[in-house]
2 protein chains.
Amino acid sequence: MVAEKDEKTTMSADGGAQPPPGQTWLGQVLRDAHRAFSRALQSRIAAHGVTMGQWSFLRALWEEDGLTQRQLSQRVGMMEPTTVTALNGMERSGLVVRVRNPADRRKVNIFLTEKGRSLQSVLIPHAHEVAQQATDGLSAPELQAAIEALTRVIANLDRSGDDFLDGFD
Amino acid sequence: MVAEKDEKTTMSADGGAQPPPGQTWLGQVLRDAHRAFSRALQSRIAAHGVTMGQWSFLRALWEEDGLTQRQLSQRVGMMEPTTVTALNGMERSGLVVRVRNPADRRKVNIFLTEKGRSLQSVLIPHAHEVAQQATDGLSAPELQAAIEALTRVIANLDRSGDDFLDGFD
DNA sequence: CAAATAAACTTAGATTGCTAAGCGTTTTTT
DNA sequence: AAAAAACGCTTAGCAATCTAAGTTTATTTG
């Protein structure tokens, strides 16, 4: 039987890779939290033929139907090729239809089908359930504070990305 | 020129897809924070030939060299096929070497090369820099609280995953 | 109005991650 | 000790994203 699934050999001989002031850790925690959340939600919505990649777009369309792909990409915060991929799948499974805009034929408006729209009442509860489980034991203020901190982090990083362009034009 | 990058058509006609009690939102924020962090770190370490996928494994090895692939997977929290892929790349770029364990030929121990080890002092500062920018404007307690909240979220979700197995054995 | 530029979508190709299934090696059963 | 079970790694194939490079349609310019 052996029962030594990890062997814990020399364990942390201080290579100098300490996670410092709770900082380097942040990335790790973000990644793990994101993956845990994704997995949880995915396992629930997959049964309805919806993938995580499609989930965000579906939500955006529930909020406002008929958006163009460009608009959808911006709302969801995804690059356009990603949107194309997701929409291809959604179109294939009959959740949306693409309609070439007659006024400006470059544009393609995306409309939910009855099937796509009806999923809202089915899927939203699953999302709530996951959020519920995820935040179990956290007070509303704690949760709120965490979300605000993360929002700050997002803003900080997005902004700092611009720094790379400074002095290059 | 036109200057109307979004057209903001009917905007939120309340389809009923409200993000509820700051909950459904959590997933969105987690995803965005994770992506922002990844992008930021990636853009810095890529110059040294290391991808985000490899970063975690490198850190684990800096902390303890010679782990088996199974152990590495557990430490990093990644599935084994993912580990295989990352290690293939790392082996190809000369960061690690695979050594079949003579005592148990099923196992393969992973050892850092001099190159892989020396990257530690180069890469860690980049990670700190990103963490620094990410947490700009957040007090230590705020950051700490956020990390604890996320840790709680991770634990909640991982645990709840087990629920699926209840009554199935 | 024709040519150049811009806008919106698509295609191509790479990376990272996962699940499922396969292949040797070792340990446990009988 | 042969058969069965467990281990540890690998392969195969899919999903989600991204960047770079088209294609088609509109708008601006000369």
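Convention: sequence-line order gives letters A, B, ...; per-chain numbering from 1.
Counting to the nearest Å, the C1' atom of D:dT23 and the NZ atom of A:K107 are 18 Å from each other. Atom CD1 in A:I110 sits roughly 12 Å away from atom C1' in C:dA8 (whole-Å rounding). With rounding to whole Å, A:L41 atom CG is found 14 Å from D:dA16 atom C1'. Rounding to whole angstrom units, CG of residue A:N109 and C1' of C:dC9 are separated by 12 Å. Distance CD (B:Q42) to C1' (C:dT16): 9 Å, rounded to an integer number of Å. At whole-Å resolution of the value, CG in B:N101 and P in C:dT25 are 13 Å apart. Distance, B:L87 CG to C:dT16 P: 12 Å, rounded to whole Å. Note: CZ (A:F57) to C1' (D:dA16) measures 10 Å, nearest angstrom.
For the residue pair B:R31/B:Q28, the side-chain donor-acceptor check at 3.5 Å is satisfied. Of the N and O atoms on the side chains of A:R75 and A:S56, not one donor lies less than 3.5 Å from an acceptor on the other residue.
Within the 4.0 angstrom heavy-atom criterion, only backbone atoms of the sugar-phosphate kind lie near A:T51; the bases stay farther away. Within the nucleic acid shown, B:R100 has no heavy atom closer than 4.0 Å to any nucleic acid atom. Residue-level contact check: A:V108 touches the backbone only, with heavy atoms under 4.0 Å from sugar-phosphate atoms and none from bases. Among the atoms of the strands shown, only primed sugar atoms or phosphate atoms (P, OP1, OP2) are found under 4.0 Å from some heavy atom of A:T68.
Other residues, nucleotides and ligands contribute more than 12 heavy atoms inside 6.0 Å of the CZ atom of A:R100.
Candidate nucleotides D:dC18, D:dG8, D:dT25 were compared by shortest atom distance to the side chain of B:R39, and D:dC18 ranks first. Side chain of A:R35, nearest nucleotide from C:dT11, C:dT25, C:dG17: C:dG17. With D:dT17, D:dT19, C:dG17 as the candidates, the nucleotide lying closest to the side chain of B:M78 is C:dG17. The side chain of A:P81 lies closest to C:dT11 when the candidates are D:dC9, C:dT11, C:dA20.
OP1 or OP2 of D:dC18 sits under 4.0 Å from a side-chain N or O of A:T82. At the phosphate of D:dT10, OP1 or OP2 sits under 4.0 Å from a side-chain N or O atom of B:Q69. Applying the 4.0 Å criterion to OP1 and OP2 of C:dT25, one finds that B:R106 has every side-chain N and O outside that range. The phosphate of D:dT23 (OP1 or OP2) has no side-chain N or O of A:R105 nearer than 4.0 angstrom.
To the nearest 0.5 Å, atom CG of residue A:L157 and atom OG1 of residue B:T135 are 9.0 Å apart.
B:W62 and B:W55 have perpendicular rings, their planes meeting at more than 60° on a 0 to 90° scale where under 30° would count as parallel.
Where A:N88 and A:D104 each meet DNA chain C at their nearest nucleotide, the meeting point lying more 5' is that of A:D104.
The backbone N or O of A:V108 lies less than 3.5 Å from no partner atom in the side chain of A:N101, so there is not a single donor-acceptor pair.
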